[in-house]
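Notes for the one structure printed next.
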Amino acid sequence: MLDQLFDRGQVWQRHQYSSPPAIDTGFATLNQHLPGAGWPAAGVTEILYPQHGIGELSLLLPSLAKLSQRELWIIWVGPPWRLNAPALAAAGVDVRRILVVSPAQNTGILWALEEGLKSGAASAVLGWPQQASSTQVRRLQICAAQHEVPCFVFRHQRPGGQNQQTPSALRLQLKPLSTDRVEIRILKQRRGWPAAPFPFTLQRCPAFRYPAGSTPSTGDAGRAGGLGGSGNK
Amino acid sequence: MNWLYAHLPHLYAETWLPQFHTGEPVALIRDHNHLIEDANDAAKACGVDVDMSLNTAFCLCPGLQVTPRDPCRQQRALERAAVIASRYSAWLGLDAADGLYLEIASMKRLLGGVAQIQHRLQLALQQMGYSAVIAVAPQPKAARLLARAGQHRCCDQEQLIQALADIPFTALGIEAKTELRLAKLGLATVQDLVQLPSGDLSYRVDAELTLYLDQISGRKPWLPPPFKAAERFHWYMDLEQEFESLEPLRFYLAQGVGQFCRFLQKRCLAAQVLRLKLQHRHRAPSCVDIKLANIDNRPESWQYMLNSTVNRLELAAPITAMQLSAALFEPLDDRDLHLFNNVSQECDQKKTQLLNRLSARLGIHNVHFLQISTDPRPEFQTICASQPAAQAQRPAAALVAPLWLLPQPQPVAIDRYIIQRGPVRLTSGWWDRNAAHRDYYVAGDSGLTTQWLFRDSDGTWYQHGWFA
């Protein structure tokens, strides 16, 4: 039966399709779970996170470090807090390539995201919209696909509502398990099914630089430096 | 006969003091030492003279009107005169406060001879109210010497040497000591000096004086640095009625901007800022800068920026007049002349375009790049700059800091947290008011987030960032 269907060419085999262009995430575990073994290079990646400070940004750092080697800019639109340039530089990101745009309103954020995608001057666009309807995400998705720019949309997730449909190329949900582990659930991926959540080790803070223990004593501020960011090894 | 020198002895007074040529006594004083610098005929008739102290002058002439000299206006007066003179020569040099060099050898044929040029320039300056002494000589410095000595003449090399016989060497303005020395040698005029062998003069008297004499006689070349008149763009429109919105005036503004672009294109220049000044009836005028991300002279860029600026603008009061002005220009890069732009230039153009669009709609202060400073305090390490740093920057020696910083450290209750790592001590900033004595900790809270806390010297705990 199956053979007949094969003969008639009526079976879609996943591996026949060339995998979509992707950007290496820098994490072997994550690459395995993502279609094309990386972030969609021409599409919107939505990252849902329940609260700040669970490693939502560290997830991107290795790929941003690589993208920042290109002449183009990485555009950050409407970041929720002040971006700390030395920490980025320590993670290997070239801060010269970073353009921070902070519009006052949500519409401004969406507009700036779209402009960034269309401009041809960006190697990646990151956005923190307060709200983005399905239509607005579709617009971004179309722009990103047309101009072949990766777009990362961070969405502070309120309880519930993660199951609404999305036109984005990839949608991830993060859930903290412990201080250096998160659970990643792929809610949507192109050419694939939503996968079961998997645990993922993500070092949010280069903790080894700090002395362990909690007794307040003198420390040496001047020595620390160099590596920051993340590693999954 | 190459060079013409116009000396305008009363330039400042003639430009800025309209009463100078009336019958009232008027004097100009130097700003720093209150000595008379210039006086009109009426004042001189009372005995007021140059280099006289102000008190003496007032004793001689109680009704004297006195004005101090402003160096800035002095320069502007000279530039005005230079613009008039620029009709007669392409190479114009400014000299000190009140003199102009003109190269005229190349203009002789066009303007009908040296005497003609001299005459026409004299007339042109006279019409503008300037009295001038004009001399022509083969060397610029020689012409200057003649004009400043009050010799209104035109001479070639031979005549020059003769003419120098009429000028005492005190007109050279050399040091009193040297002057005395020359007088002891029995020398009296500049001609006497010029005819001496310059090697000996240099060795025995003064090397600088010798160089000056050589430049006068033409044994050594010297040319004045050329002067270029500053360009300004100015567009003004008076409105017949008061307008409460710029909306109906968009068309006129667009015309003004169009003129501006043509102005730039004609001169192969580009600009980054155009100032829009709006006059109100009962208020001080308000100014808005129309600013591009990079220099440009294309109408579409400027029109787009004008529209976005006008969209964002809220008028403080009804307007009665509008004005566009620009004074800062840059020569256009030659890259625009290439037929086939290479990729990186195309990319630069796209970047500029994006910056323009973003800053037009969101405001220039909402779009910035990052630079890293050397300050050890985390809150001062990131600088928001309008341009990316020229070279790759690495933090010299830094705390291991999180990616997100709070705009202000927030006081927190420490009992909610579990300290994971720490402390790292930071003591810095003793040189200004924001001294920091902090112990930094990495801490987690019940929501499994990782935060950056510090304890102040007085024991208060603050959150400073998120390890995101």
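This structure is a prediction, so every number in the text was calculated from the model and none was measured. Sequence lines set the chain letters: A, B, ... in the order given, protein chains first and strands last, and positions in each chain run from 1.
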Next item on the list: Pick one of side chain, backbone, both or neither for B/Q387, based on which atoms fall under 4.5 Å of a heavy atom in chain A.
Entry: neither
Notebook entry, point to check: Which heavy-atom pair separates A/W111 from B/L358 by the least distance, and what is that distance?
Noted result: CZ3-CD2, 3.8 Å
Next item on the list: Measure the spacing between CG of B/N356 and OG of A/S119 and express it to the nearest 0.5 Å.
Entry: 12.0 Å
Notebook entry, point to check: Where does A/S102 contact chain B at under 4.5 Å (heavy atoms): side chain, backbone, both or neither?
Noted result: both
Checklist line | Closest approach of B/L406 to A/R82 (non-hydrogen atoms, all atoms of both residues) | finding: O-CD, 4.5 Å
Check: Is any side-chain heavy atom of A/P86 closer than 4.5 Å to a side-chain heavy atom of B/T382?
Finding: yes
Margin query: Once rounded to the nearest 0.5 Å, what's the spacing between atom NZ of A/K118 and atom CZ of B/R357?
Written below: 7.5 Å
Next item on the list: Supply the atom-to-atom distance B/W404 CH2 to A/L83 CG, rounded to the nearest 0.5 angstrom.
Entry: 5.5 Å
Margin query: As an exercise, state the distance from CG of B/L354 to CD of A/E115, rounded to the nearest 0.5 Å.
Written below: 7.0 Å
Next item on the list: Indicate yes or no for a side-chain donor-acceptor contact from A/S58 to the backbone of B/A468 under 3.5 Å, with no hydrogens or angles considered.
Entry: yes
Item checked: Separation between CD1 of B/I372 and CZ of A/R96, rounded to the nearest 0.5 Å -> 10.5 Å
Note to self: Nearest 0.5 angstrom please: A/N84 CG to B/W466 CH2, how far?
What the structure shows: 15.5 Å
Margin query: Within the 4.5 Å heavy-atom criterion, are B/L370 and A/L88 side-chain neighbours or not?
Written below: yes
Note to self: For a 4.5 angstrom cut-off between non-hydrogen side-chain atoms, does B/T449 reach A/P176?
What the structure shows: no
Notebook entry, point to check: What part of A/I75 lies closer than 4.5 angstrom to a heavy atom of chain B: side chain, backbone, both or neither?
Noted result: side chain
Check: Is the number of heavy atoms from other residues, nucleotides or ligands under 6.0 Å of A/Q105 CD greater than 12?
Finding: no
